[in-house]
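Everything on this sheet refers to the single structure shown next.
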There are 2 protein chains.
Amino acid sequence: MKVKLEDVAKRAGVSPTTVSRVLNNRGYISDKTRQKVEQAIEDLNYYPNDIARSLFKKRTNFIGLVLPTINNPFFSELALYIENICSEMGYKVILCNSLLQMDKEKAYARMLIGHQVDGIIVCTYNRGVEAYKQPKLPIVAIDHYLSPTIPVVGSDNYTGGKMAVQHLIDRGCKSIIHINGPVELETPTQMRRKAYEDLVENPITYELIDLFDEEYEAVSIRRILKKHPEADGIFASDDLIAATCLKVANELNIRVPEQLKIVGYDGTATIKRLLPHLTTIQQPIEEIAKTSVSKLMNLIENPDCNETLETFLPIELLINETT
Amino acid sequence: MKVKLEDVAKRAGVSPTTVSRVLNNRGYISDKTRQKVEQAIEDLNYYPNDIARSLFKKRTNFIGLVLPTINNPFFSELALYIENICSEMGYKVILCNSLLQMDKEKAYARMLIGHQVDGIIVCTYNRGVEAYKQPKLPIVAIDHYLSPTIPVVGSDNYTGGKMAVQHLIDRGCKSIIHINGPVELETPTQMRRKAYEDLVENPITYELIDLFDEEYEAVSIRRILKKHPEADGIFASDDLIAATCLKVANELNIRVPEQLKIVGYDGTATIKRLLPHLTTIQQPIEEIAKTSVSKLMNLIENPDCNETLETFLPIELLINETT
DNA sequence: GTGAAAGCGCTAACAG
DNA sequence: CTGTTAGCGCTTTCAC
């Protein structure tokens with residue numbers, strides 16, 4: 001049997017109430033009693049049961065974090081910051097990889113609500129998860145609109161897209177291709193696409209249907225590059241796609257940046273480390289994490305507060321050797 | 001106020017027990033009653049409170065996952081698999097980034113125990129976290145020895161190291177350098193180092209003290225390469241270090257693989273995608289995840305079972321253009 | 001300063 | 001087939 005508060009009380013020769021008081025530093029306790037209790041806690045190697053505490057307090061200090069897959073440098077960096085900040089504040093993070101599947105995301109939402117999480121941070125792109133519509137459930141979305149009442153935190157994707165494309169133009173590109181994920185997902189990359197289409201005269205946008213199949217991705221990009229020998233610039237909607245473009249260009253003996261210039265998007269620490277020569281748009285990932293958590297905490301502490309519904313943090317163009 | 005089981009019972013005109021029974025599919029219930037209850041659940045949009053359930057059952061279906069940082073391709077891939085498997089089995093994962101700091105790790109351990117997790121998977125390298133020694137707390141360690149009674153799952157690091165070094169030798173390298181993390185951390189990379197030192201005549205091993213500071217890492221590697229112009233092979237203890245070697249070699253105009261051959265270690269999906277030309281030792285990450293989870297589940301279901309204490313899964317040499 | 005008692009939301013004997 | 005009751009481990013009024 002696990003040691004419980006009552007055992008500590010018995011051992012210290014006091015009542016459960018008293019033990020609870022020293023545990024929570026509440027009310028008046030004589031030094032002597034406090035010491036007896038602390039001694040008993042140590043002797044018995046007692047760990048307070050947070051489940052029982054949560055049940056009573058109706059506060060679990062749990063946060064749900066729902067993202068497409070943690071195995072993506074952007075999300076893993078975001079998750080690292082979010083978890084770090086939360087743990088500093090005494091919150092614990094439940095990790096959920098939705099794999100962009102609606103049924104999984106719904107199941108996660110139910111699970112999180114059942115577990116009485118104090119709030120949820122969602123960075124995945126499925127609308128219509130009814131469970132998120134629980135009244136009074138604090139939610140913050142990263143980089144996409146979940147519903148009209150849920151605050152969104154993200155970076156300025158439209159400006160980011162413009163900066164990327166303008167940079168290619170400035171570098172002399174005449175024929176710029178854009179490669180993006182599926183349109184039907186309401187991802188932030190759609191704003192990057194829009195910027196591209198607004199800036200370029202004859203936009204040529206390609207969609208990669210399955211973002212999780214890199215084999216397919218490489219094949220598609222090979223096809224695209226073969227079909228467009230005139231292309232001298234690529235704006236990829238994220239760095240992983242840019243990396244594949246780089247690889248394919250290499251295989252096809254297309255010299256980068258001489259014949260073809262490539263700009264990615266995200267600028268994670270991992271990319272900067274593994275692909276330091278990639279020109280990219282860097283998102284303020286740490287700021288996004290901080291802002292989301294602080295908004296969520298605000299919503300939790302103060303349920304009726306009117307959080308600003310949209311926050312777009314500035315991005316930065318990192319010029320390297322691929323342009 | 002949140003809807004609770006009692007509200008559902010009232011609405012359906014039955015007792016709480018009955019509601020609980022339909023929720024858990026236990027005992028006999030007439031179809032009529034079941035339907036009334038289900039209707040009430042839907043009407044009220046009721047979500048059972050798992051906290052209360054856990055308190056009663058003494059089972060939370062929570063798993064703690066402690067790792068150095070999720071923002072590392074190896075750990076994020078591992079975490080993805082682990083979380084996926086757990087969620088299939090109805091378990092939820094609490095993410096903990098220890099950042100290799102002892103005090104953080106201790107705090108996480110206390111937190112996890114306080115939250116009554118059913119088990120913990122630890123992939124970080126600090127021994128001496130007393131809290132892990134809670135009797136009857138199911139723990140599985142990935143890739144390192146936590147204590148004599150805790151099962152370890154990992155890949156065959158010694159053989160992996162040998163394969164890497166032998167490959168360099170086979171490719172004609174005469175002067176091979178090894179670059180590793182700090183020795184005092186009891187990481188699995190120490191076995192890779194040992195293999196290197198056993199295989200090479202005049203081993204030259206360098207330690208990078210701060211694994212989180214890439215600036216420092218690049219500077220150190222630059223110094224190493226300048227000091228050893230005779231070096232024609234590098235065995236890096238992980239792919240991130242290998243990537244930095246590649247970058248530095250590039251800056252110093254050392255041609256890879258002609259003048260210098262480089263082998264990394266880990267072979268994550270991310271590396272294969274971003275650095276497809278890197279020769280590396282690929283770990284069976286999905287297998288490691290599966291094995292760890294299944295061992296942990298076994299320990300949870302069957303506390304006195306004698307799990308095999310060591311499981312080492314086979315690795316694979318991926319030959320690419322850096323050798 | 002300290003304790004007794006009620007209750008957080010749910011489940012499982014045990015009756016009927 | 002269904003309801004009554006007690007209790008999971010903790011916290012908090014309210015007395016003393």
Side-chain angles (χ1 to χ4, degrees), chain A residues 1-38 40-41 44-62 90 110-118 134, chain B residues 1-38 40-41 44-62 90 110-118 134:
Chain A
M1 231 30 272
K2 265 179 187 156
V3 214
K4 48 193 190 184
L5 188 137
E6 201 189 323
D7 303 324
V8 176
K10 275 194 187 122
R11 167 122 191 172
V14 298
S15 77
T17 317
T18 305
V19 178
S20 171
R21 279 209 262 270
V22 343
L23 245 31
N24 298 287
N25 251 310
R26 193 186 306 290
Y28 299 94
I29 304 147
S30 72
D31 267 7
K32 220 177 13 186
T33 321
R34 158 169 278 123
Q35 277 177 9
K36 271 193 305 187
V37 172
E38 278 167 352
I41 288 177
L44 297 174
N45 194 227
Y46 168 70
Y47 287 74
N49 183 329
D50 280 323
I51 293 292
R53 221 179 254 199
S54 296
L55 179 59
F56 185 91
K57 294 226 180 148
K58 297 163 179 300
R59 262 304 209 91
T60 55
N61 282 27
F62 267 117
R110 292 194 75 82
M111 180 276 274
L112 292 172
I113 294 170
H115 260 282
Q116 316 297 111
V117 294
D118 294 338
Q134 282 284 90
Chain B
M1 234 28 273
K2 266 180 188 156
V3 218
K4 49 193 187 184
L5 187 138
E6 201 189 322
D7 303 323
V8 176
K10 274 193 189 125
R11 169 124 190 170
V14 298
S15 78
T17 317
T18 305
V19 178
S20 170
R21 279 208 261 270
V22 343
L23 244 33
N24 298 289
N25 252 311
R26 194 186 306 288
Y28 299 94
I29 304 146
S30 72
D31 267 7
K32 219 175 19 183
T33 322
R34 158 170 277 122
Q35 277 176 11
K36 271 192 307 185
V37 172
E38 278 167 352
I41 288 177
L44 297 174
N45 194 227
Y46 167 69
Y47 287 74
N49 183 330
D50 280 323
I51 292 293
R53 223 179 252 201
S54 296
L55 180 58
F56 185 89
K57 293 225 180 152
K58 297 164 179 300
R59 263 300 211 93
T60 56
N61 282 26
F62 267 118
R110 293 195 74 83
M111 180 275 275
L112 292 173
I113 293 171
H115 261 281
Q116 317 296 112
V117 294
D118 293 338
Q134 282 284 90

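Values reported hereafter were calculated over all heavy atoms of this structure, with side chains retained and with hydrogens, waters and symmetry mates removed. We name chains A, B, ... by the order of the sequence lines, and we start the count at 1 in each one. Bear in mind the structure is a predicted one, so any value in this text is a computation, not a measurement.
To the nearest 0.5 angstrom, B/His115 atom NE2 is 6.5 Å from A/Asn61 atom CG. Here the CZ atom belonging to B/Arg26 is positioned 12.5 Å from the OG1 atom belonging to B/Thr17, to the nearest 0.5 angstrom.
Looking at heavy-atom distances under 4.0 Å, A/Ser20 makes contact with a base. Residue contacts for A/Thr17: at a heavy-atom cut-off of 4.0 Å it reaches a base atom on one of the strands shown.
Phosphate contact (OP1/OP2 of C/dA12, side-chain N/O of B/Arg26, threshold under 4.0 Å): present. Side-chain nitrogen and oxygen atoms of B/Ser30 include at least one within less than 4.0 Å of the OP1 or OP2 phosphate oxygen of D/dT2.
The interatomic distance linking B/Asn24 (CG) with C/dA13 (P) rounds to 13 Å, in whole Å. Residue B/Gln35 contributes atom CD, which lies 12 Å from atom P of D/dT2 at whole-angstrom precision. A/Gln116 places its CD atom 16 Å from the C1' atom of D/dC10, with the value rounded to the nearest Å. For the pair A/Leu44 CG and D/dG9 P, the computed distance is 15 Å after rounding to whole Å. In this structure, the NZ atom of B/Lys58 is 10 Å from the C1' atom of D/dG7, given to the nearest Å. Put simply, NZ on B/Lys32 is 11 Å from C1' on D/dC1, counting in whole angstrom units. Rounded to a whole Å, the CG atom of B/Asn25 is 12 Å from the P atom of C/dT11. Atom NZ of B/Lys36 is separated from atom C1' of D/dC1 by 12 Å (rounded to the nearest Å).
In this structure, a donor-acceptor pair under 3.5 Å is present between the side chains of A/Thr18 and A/Ser15.
Each of A/Leu23, A/Val37, A/Asp7 was compared with A/Tyr46 under the side-chain contact (heavy atoms from CB on, under 4.5 Å) criterion, and only A/Leu23 meets it.
For the pair A/Phe62 and A/Gln116, the minimum side-chain heavy-atom distance is 4.5 Å or more. Inter-residue side-chain proximity for A/Arg53 and A/Asn24 is flagged as met; some heavy-atom pair is nearer than 4.5 Å. No side-chain heavy atom of A/Lys58 sits less than 4.5 Å from a side-chain heavy atom of B/Lys2.
Residues of residues 46-56 of chain A having a heavy atom closer than 4.0 Å to DNA chain C, listed by number: A/Leu55, A/Phe56. If you check residues 4-11 of chain B against DNA chain D, you find no residue with a heavy atom closer than 4.0 Å.
Between the side chain of B/Ser54 and the backbone N or O of B/Asp50, at least one donor-acceptor pair lies under 3.5 Å.
With hydrogens and angles ignored, no donor-acceptor pair under 3.5 angstrom links the side chain of A/Arg34 to the base of C/dG1.
Within 6.0 Å of CZ on B/Arg34 lie more than 12 heavy atoms contributed by other residues, nucleotides or ligands.
Between A/Ser15 and B/Val19, it is A/Ser15 whose nearest contact on DNA chain C lies nearer the 5' terminus.
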